[in-house]
Amino acid sequence: MPQIVVLPHVELCPEGAVLEVAPGTTVCDALLANDIEIEHACEKSCACTTCHVIVREGFEALQPAEDEEEDLLDKAWGLEPTSRLSCQTPMPADTDLVVEIPKYTINHAKENH
């Protein structure tokens, strides 16, 4: 089963993590299922950028982003060429990913989900 290696994040995952993830599961769902409480203010409906991640390894194996995701990513804090919205990024079947959760989001009011 493919893995997501989550790089350390001061608040959400201080030690980093290695997650076994079923292919097709979104990165956001995998993080949440493993108690990594990434923000997802729009409830994973591709209407915000709070679940933005940077794919440090494995980006080329991902399905291309849809236009709606690309438009939203333009508004994400700390956008990089390998940025994705984790709620719109299904896990590939045969490639591990290394992801970084950015330090900030543009969400001005954090909500507890």
Side-chain angles (χ1 to χ4, degrees):
M1 189 175 305
Q3 295 180 331
I4 297 176
V5 176
V6 182
L7 298 176
H9 181 279
V10 172
E11 293 177 18
L12 302 177
C13 188
E15 304 293 317
V18 177
L19 315 174
E20 298 276 330
V21 181
T25 303
T26 66
V27 171
C28 186
D29 284 337
L31 295 173
L32 293 170
N34 287 276
D35 299 319
I36 301 171
E37 296 296 324
I38 190 167
E39 288 187 64
H40 53 289
C42 72
E43 296 297 329
K44 304 181 274 184
S45 65
C46 195
C48 73
T49 63
T50 59
C51 72
H52 167 226
V53 295
I54 302 163
V55 181
R56 295 293 182 201
E57 293 180 24
F59 183 81
E60 63 285 337
L62 298 174
Q63 297 172 5
E66 299 286 330
D67 289 342
E68 185 177 18
E69 179 184 358
E70 290 283 358
D71 290 344
L72 282 169
L73 279 169
D74 288 339
K75 301 171 187 171
W77 184 91
L79 182 68
E80 294 195 17
T82 58
S83 289
R84 292 295 301 263
L85 298 181
S86 64
C87 72
Q88 301 299 303
T89 307
M91 190 67 186
D94 55 0
T95 303
D96 295 342
L97 300 179
V98 175
V99 300
E100 178 181 349
I101 302 169
K103 184 175 181 179
Y104 301 108
T105 72
I106 62 168
N107 192 11
H108 297 289
K110 288 188 179 184
E111 302 170 18
N112 294 324
H113 290 278

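- The list of ring pair (Phe, Tyr, Trp, His ring centres under 6.0 Å) pairs with a residue in residues 61-88, not counting sequence neighbours, reads Trp77-Tyr104.
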Practice task
Apply the test side chain to side chain contact (heavy atoms under 4.5 Å, CB included) to residues Leu73 and Thr49: give CA-CA distance (whole Å), side-chain angles for both, the deciding distance (0.1 Å), then the verdict.
Solution key: CA-CA 7 Å; Leu73 279 169; Thr49 63; 5.8 Å; no

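- By the side chain to side chain contact (heavy atoms under 4.5 Å, CB included) test, Glu20 is found to be paired with Met1, Gln3, residues two or more places apart in sequence or in another chain being considered.
- Heavy atoms only, all atoms of each residue included: Ile38 and Cys28 are closest at CG2-SG, 4.0 Å.
- When hydrophobic side chains of Ile, Leu, Val, Met, Phe, Trp and Tyr are connected at separations under 4.5 Å, Leu7 ends up clustered with Val5, Val18, Val98.
- Applying the side chain to side chain contact (heavy atoms under 4.5 Å, CB included) rule to Ala33 yields no partners; only residues at least two apart in sequence or on another chain are considered.
- Judged as a salt bridge (charged side-chain N to carboxylate O under 4.0 Å, His left out), the pairs with a partner in residues 65-77 (not counting sequence neighbours) are, in order, Glu69-Arg84.
- Sorted by first then second residue, the ring pair (Phe, Tyr, Trp, His ring centres under 6.0 Å) pairs that include residues 5-29, not counting sequence neighbours, number zero.
- Of all heavy-atom pairs between Cys48 and Thr50, the closest is SG-OG1, 3.2 Å.
- Pairs passing the salt bridge (charged side-chain N to carboxylate O under 4.0 Å, His left out) check and including a residue from residues 23-35, sequence neighbours excluded, read Asp29-Lys44.
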Exercise for the section: Begin from the C-alpha positions of Val53 and Val6 and carry the test side chain to side chain contact (heavy atoms under 4.5 Å, CB included) through to its verdict. Expected result: CA-CA 10 Å; Val53 295; Val6 182; over 6 Å; no

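- A salt bridge (charged side-chain N to carboxylate O under 4.0 Å, His left out) check over residues 50-61, counting only residues at least two apart or in different chains, returns the pairs Arg56-Glu80, Arg56-Glu100.
- Note that the CG atom of Leu31 and the CD1 atom of Ile4 stand 5.5 Å from one another [nearest 0.5 Å].
- Hydrophobic clustering, with ILVMFWY side chains joined whenever heavy atoms are under 4.5 angstrom apart, keeps Leu72 apart from Leu62.
- Listed by first and then second residue, the ring pair (Phe, Tyr, Trp, His ring centres under 6.0 Å) pairs involving residues 50-70 amount to none (not counting sequence neighbours).
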Under 3.5 Å, sequence neighbours excluded: what are the donor-acceptor pairs made by side chains of residues 86-93?
from  : atom 1 : to    : atom 2 : distance (Å)
Ser86 : OG     : Cys51 : O      : 2.9
Thr89 : OG1    : Leu85 : O      : 2.7

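- Taking every heavy atom of both residues into account, Ala61 and Thr95 meet most closely at CB-OG1, 3.3 Å.
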Practice task
Under the side chain to side chain contact (heavy atoms under 4.5 Å, CB included) rule, what do Ile54 and Val99 come out as? Steps first, then yes or no, please.
Solution key: CA-CA 6 Å; Ile54 302 163; Val99 300; over 6 Å; no

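- The two residues Cys42 and Ala47 come nearest to each other via the heavy atoms SG-N, 3.3 Å.
- Listed by first then second residue, pairs satisfying salt bridge (charged side-chain N to carboxylate O under 4.0 Å, His left out) with a partner in residues 86-96 number zero, not counting sequence neighbours.
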